[in-house]
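Residue numbers begin at 1 in each chain, while the letters A, B, ... track the order of the sequences. A quick note: this is a predicted structure, and the numbers were derived from the prediction, not measured.
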Amino acid sequence: MSIKVRFAPSPTGFLHIGGVRTALFNYLFAKRNNGTFLLRIEDTDEERSTQASTDAIFEGMQWMKLNWDEGPMPDGTDKGPDTPYYQAQRADQGLYKKYIDQLIAEGKAYKCYCTAEELEANRQKCIEEHRPPKYSGKCRDLTPEQQQELEAQGRKYVIRFRMPEEGDVEWDDMIRGHVKFASKDLYDLVIQKTSGYPTYNFAVVVDDHLMGMTHVIRGDDHISNTPSQIQIYRALGWKEPIFAHLSMIHGPDGKKLSKRHGATNVVEFRNMGYLPEALKNYLALLGWATSDSQQLFAPGELEAKFDISGCQPSPAVMDPEKLNWMNGEYIRQTPLSALTDYALPFIEKAGIDISRVSREQLEAIIGLEQEKYKLLTEIPDLIRFFFEAPVFEQEALDKVFSKPEAKAVLEGIAKTYQDLTDFTDTSLEAATRAFAKENGYKAGQVFHPVRVAVSGRTHGPTLFKMIAYMGKEEVVARLQAALQYCK
RNA sequence: GUCCCGUUCGUCUAGUGGCCCAGGACGCCGCCCUCUCAAGGCGGAGAUCACGAGUUCGAAUCUCGUACGGGACGCCA
């Protein structure tokens, strides 16, 4: 049987980085096993679900190139046989109701008329008596007469699942091994709200079964939901899928990753200058590794090598330093033309006017420091001086222009360049070295002031390519303009 | 409070009874390369494998306890 997995987010906020990792592992598992990766929107929370959040999920998934084989598409259509893929729509079709009715008819579920206040009072009492806070079972065995009476009073009801009380519920988790819960620790959970909508624990079971999921790969915050869900599968006469519970991502303080640890929204990572491929590679290694601890993966390699048995059961702390390194690795591997495309929005945002250079020249300029970028956001400031008059760093002024020979060097080299007919990096280097030799300077005594004069900085790209790209007129003008800063 | 899960360098991890007084990667330090900064190359520091007991000729690896950490306990998902 072909493998089928899903990512089932609820649209109640932006797409969280932890969610992206769960989606990624499902995606990779499907790819590796030639299976199907499905997306389902779990919008049964009528109050918190929003269209904007659904759009954010699409945006994040698409940016990360986590393409789903089945599910809702951003254009409003559905792809696949198990349409619709929005639980709210499925609920409106009465899809869950059918199974709720079946359970009630079989005595496996019942109506509960308890109010929020009653439930809360019970919870408090449990805590005071040092018992686990679980539903008391008050409405479990109401007679039809009692039910009628309560309904006559206008009481609303929910449907609760009658949790079997005997034995243990156990399963073999692909990541954690054998997990066992005692039935007595479970309780009669609500499966249908007063609104008529199913709750999460019921809707997932129904949909995962109906949509043919063979494996459920999700965060380990769902471990304690699993035994209840297994009992629902059994009550419905269905075989449960194979479960795999991924560890969570933690912040440096060891707590579940959240806003206070910094960026958690995928889109923020895009804005911070990360490449989706790098983030994907990094996230894949958070909780998973190959037997040789491979770090960098070529396109398609993760999809080919991902093996869920390499997943770590313990939580992983996200390390921005390593992500940055990895992003730099990916930037270095990106063809210049693609890198330029990636950089363009950031350059524009930084307000740099690049209109006077051709696309080809822009690529060359960006390429000069390709091996240096870690984040796309660093690019604008590193290429800015090509397009604007240099802003002199204090350090450059102090260290380089304070040298006694600086002024003479700039004057002389300006003249040398002025007379140069072939303004290419090779002839520039030859001319500059010749100038140094003739005047008794060490190469560095000439290179450094020139660099500062044209860029304002002590460090930057390889000097002669840099000034060649800048053009003779501009370079000579900058050399002359810089004289005023020398002693 | 109850239940569940977890614990190898600062961080991500390799490791499934002898090849491990523990390997790789990020970060850090040093050297080399070099027109600067990077990148790259080479080397270094960094883990009593949470702790304790047991099984075994032999344990990071198996068993049992303890500690600490995390998660769940909703008409949220």
A.B. asks: Report the distance from atom CE of A:M163 to atom C1' of B:C73, rounded to the nearest whole Å.
C.D. replies: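 My rounded result for the distance is 12 Å.
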A.B. asks: How close do A:L339 and A:I366 get, counting heavy atoms only, and between which atoms?
C.D. replies: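 Closest approach of A:L339 to A:I366, heavy atoms only: CD2-CG2, 4.0 Å.
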A.B. asks: For B:G1, what is the paired nucleotide under Watson-Crick or G-U wobble rules, both distances under 3.5 Å?
C.D. replies: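 Paired with B:C73.
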A.B. asks: Using whole Å, what does the distance between atom C1' of nucleotide B:A25 and atom CH2 of A:W288 come to?
C.D. replies: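 Checked: the CH2 to C1' distance equals 14 Å.
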A.B. asks: Using a 4.0 Å heavy-atom cut-off across all strands, classify A:G460 as base, sugar-phosphate, or nothing.
C.D. replies: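 Counting heavy atoms under 4.0 Å across all strands, the contact made by A:G460 includes a base.
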A.B. asks: To the nearest Å, how far apart are A:H448 NE2 and B:U36 P?
C.D. replies: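 It is 6 Å, rounded to the nearest whole Å.
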A.B. asks: Going by modelled atom types, is there a donor-acceptor pair between the base of B:C75 and the side chain of A:S195 at under 3.5 Å?
C.D. replies: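 It does not, because no donor-acceptor pair links the side chain of A:S195 to the base of B:C75 below 3.5 Å.
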A.B. asks: Output the rounded distance in Å from NZ (A:K111) to C1' (B:C75).
C.D. replies: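 After rounding, the reported distance stands at 16 Å.
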A.B. asks: When only distance counts, do a donor and an acceptor, one from the side chain of A:R451 and one from the base of B:C35, lie under 3.5 Å apart?
C.D. replies: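 Per atom types, the contact qualifies.
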A.B. asks: Which part of the nucleic acid does A:V158 contact within heavy-atom distance under 4.0 Å: base, sugar-phosphate only, or nothing?
C.D. replies: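 Result for A:V158 = base.
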A.B. asks: Categorize A:E329 for me: base, sugar-phosphate, or nothing, with a 4.0 angstrom heavy-atom threshold over every strand shown.
C.D. replies: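 Here A:E329 touches the backbone only, sparing every base.
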A.B. asks: Contact class for A:Y282 vs. all strands (heavy atom < 4.0 Å): base, sugar-phosphate, or nothing?
C.D. replies: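 Since no nucleic acid heavy atom lies under 4.0 Å of A:Y282, the category is nothing.
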A.B. asks: Could you tell me whether A:T290 contacts a base, only the sugar-phosphate backbone, or nothing, with contacts defined as non-hydrogen atoms closer than 4.0 Å?
C.D. replies: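 Sugar-phosphate, backbone atoms only, no base.
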A.B. asks: Can you find a pair of side-chain heavy atoms, one from A:Y197 and one from A:Y96, that are under 4.5 Å apart?
C.D. replies: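 In short, these two side chains do not touch, never coming nearer than 4.5 Å.
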A.B. asks: Answer yes or no: does a side-chain N or O of A:K193 lie under 4.0 Å from OP1 or OP2 of B:G74?
C.D. replies: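 Negative; the distance criterion is not met.
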A.B. asks: Quick check on RNA chain B: between A:C311 and A:P9, whose nearest nucleotide comes earlier from the 5' end?
C.D. replies: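 Final value for this comparison: A:C311.
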A.B. asks: The side chain of A:S293 is closest to which nucleotide in this list: B:G24, B:C35, B:C3?
C.D. replies: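 Nearest to the side-chain atoms of A:S293, counting from C-beta on, is B:G24.
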A.B. asks: Name the nucleic acid region contacted by A:A443, choosing base, sugar-phosphate or nothing; use a 4.0 angstrom heavy-atom cut-off, strictly under.
C.D. replies: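 No contact at all - A:A443 keeps every heavy atom at 4.0 Å or more from the nucleic acid.
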A.B. asks: Quick one: label A:I127 by what it contacts on the DNA or RNA (base, sugar-phosphate, nothing), any heavy atom closer than 4.0 Å.
C.D. replies: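 The residue A:I127 makes no contact with any strand.
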A.B. asks: Considering every strand and a 4.0 Å limit on heavy-atom distances, what is the contact class for A:N324: base, sugar-phosphate, or nothing?
C.D. replies: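 Contact class for A:N324: none.
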A.B. asks: With a 6.0 Å cut-off (strictly less than), is the heavy-atom count around CD of A:Q153, excluding the residue itself, greater than 12?
C.D. replies: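 Above 12, so yes.
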A.B. asks: May I ask you to say what A:S314 touches in the nucleic acid, namely base, sugar-phosphate or nothing, with a heavy-atom cut-off under 4.0 Å?
C.D. replies: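 The answer is sugar-phosphate, as A:S314 gets under 4.0 Å only of primed atoms, P, OP1 or OP2.
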A.B. asks: Between B:C35 and A:R433, is there an OP1 or OP2 to side-chain N/O distance shorter than 4.0 Å?
C.D. replies: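 For A:R433, the contact criterion (side-chain N or O under 4.0 Å from OP1 or OP2 of B:C35) is met.
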A.B. asks: Below 30° counts as parallel, above 60° as perpendicular, anything between as tilted: where do the rings of A:F464 and A:F447 land?
C.D. replies: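 Rings of A:F464 and A:F447: perpendicular, over 60°.
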A.B. asks: Do A:F25 and A:V5 make a side-chain contact, defined as non-hydrogen atoms from C-beta onward lying under 4.5 Å apart?
C.D. replies: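 They are not in side-chain contact.
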A.B. asks: Given B:U13, is OP1 or OP2 found less than 4.0 Å from the side-chain N or O atoms of A:Q294?
C.D. replies: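 For B:U13, OP1/OP2 do not have a side-chain N/O of A:Q294 under 4.0 Å.
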A.B. asks: For a quick check of understanding: with a heavy-atom distance under 4.0 Å over all strands, which category does A:R123 fall into, base, sugar-phosphate or nothing?
C.D. replies: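 The residue A:R123 makes sugar-phosphate contact but no base contact.
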A.B. asks: Taking the inter-plane angle between the rings of A:F58 and A:W68 on a 0 to 90° scale, is it parallel (under 30°), tilted (30 to 60°) or perpendicular (over 60°)?
C.D. replies: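 It falls in the parallel class, under 30°.
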A.B. asks: Measure from CG on A:L186 to P on B:A72 and round the result to the nearest Å.
C.D. replies: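 Whole-Å distance recorded here is 16 Å.
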A.B. asks: How close do A:E166 and A:S183 get, heavy atom to heavy atom, and via which atoms?
C.D. replies: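 In this case the closest contact between A:E166 and A:S183 is O-OG, 3.0 Å.
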A.B. asks: Would you kindly give the CG-to-C1' distance between A:D221 and B:C76, to the nearest whole Å?
C.D. replies: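 Taking atom C1' of B:C76 as the reference, CG of A:D221 is at 12 Å.
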A.B. asks: Can you see if the side chain of A:T44 gets near the phosphate of B:A77 - specifically, an N or O under 4.0 Å from OP1 or OP2?
C.D. replies: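 Yes, within the criterion.
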A.B. asks: Using purine N1 to pyrimidine N3 plus N6-O4 or O6-N4 for Watson-Crick, or N1-O2 and O6-N3 for G-U wobble, both under 3.5 Å, which nucleotide pairs with B:C51?
C.D. replies: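 Check on B:C51: paired to B:G65, both distances under 3.5 Å.
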A.B. asks: Are A:R457 and A:F385 in a cation-pi setup, meaning NZ or CZ lies under 6.0 angstrom from the ring centre and within 45 degrees of the ring axis?
C.D. replies: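 No; the conditions do not both hold, so A:R457 does not lie above the ring face of A:F385.
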A.B. asks: Checking contacts here: which listed nucleotide (B:A25, B:C35, B:A38) is nearest the side-chain heavy atoms of A:E371?
C.D. replies: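 Within the option list, the nearest is B:A38.
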A.B. asks: Let me know the distance between CD of A:E429 and C1' of B:C35, rounded to the nearest Å.
C.D. replies: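 Whole-Å distance recorded here is 8 Å.
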A.B. asks: Distance check, C1' atoms only: B:C33 and B:G43, in whole angstrom units.
C.D. replies: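 The answer is 15 Å between these two C1' atoms.
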A.B. asks: B:G30 pairs with which nucleotide, Watson-Crick or G-U wobble, both distances below 3.5 Å?
C.D. replies: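 Base partner found: B:C42.
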A.B. asks: A:S291 near the nucleic acid: base, sugar-phosphate alone, or nothing, with a heavy-atom cut-off under 4.0 Å?
C.D. replies: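 Sugar-phosphate only.
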A.B. asks: Please report the distance separating the P of B:G54 from the corresponding atom of B:C31, rounded so that it comes out in whole Å.
C.D. replies: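 Each nucleotide's P atom is 50 Å from the other's.
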A.B. asks: Could you check whether A:S224 gets within reach of a base, just the sugar-phosphate, or nothing at all, counting any heavy atom under 4.0 Å?
C.D. replies: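 Since only primed, P, OP1 and OP2 atoms lie under 4.0 Å of A:S224, the category is sugar-phosphate.
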A.B. asks: Between A:K255 and B:G70, is there a contact of a side-chain N or O with OP1 or OP2 at under 4.0 Å?
C.D. replies: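 For B:G70, OP1/OP2 do have a side-chain N/O of A:K255 under 4.0 Å.
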A.B. asks: Does B:G18 have a Watson-Crick or wobble mate here (both distances under 3.5 Å), and if so which one?
C.D. replies: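 Pair assignment: B:G18 / B:C57.
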A.B. asks: Take the protein atom CD1 of A:I331 and the nucleotide atom C1' of B:A38, then report the distance between them rounded to whole Å.
C.D. replies: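 Answer to the nearest Å: 13 Å.
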A.B. asks: Of all the nucleotides listed (B:A25, B:U2, B:U7), which has the minimum atom distance to the side chain of A:Q295?
C.D. replies: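 For A:Q295, the side-chain atoms sit closest to B:A25.
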A.B. asks: Taking only side-chain N and O atoms of A:K465, does any of them lie within less than 4.0 angstrom of OP1 or OP2 on B:U36?
C.D. replies: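 Checking A:K465 against B:U36: no side-chain N or O falls below 4.0 Å of OP1 or OP2.
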A.B. asks: For a quick check of understanding: with a heavy-atom distance under 4.0 Å over all strands, which category does A:K180 fall into, base, sugar-phosphate or nothing?
C.D. replies: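 Sugar-phosphate: the residue A:K180, judged by heavy atoms under 4.0 Å, touches backbone atoms but no base.
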A.B. asks: Under 4.0 Å between any heavy atoms, over every strand shown, what does A:P133 touch: base, sugar-phosphate, or nothing? Just pick one.
C.D. replies: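 It contacts base atoms.
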A.B. asks: Please tell me if A:K399 has a side-chain N or O lying less than 4.0 Å from either OP1 or OP2 of B:U36.
C.D. replies: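 No, outside the criterion.
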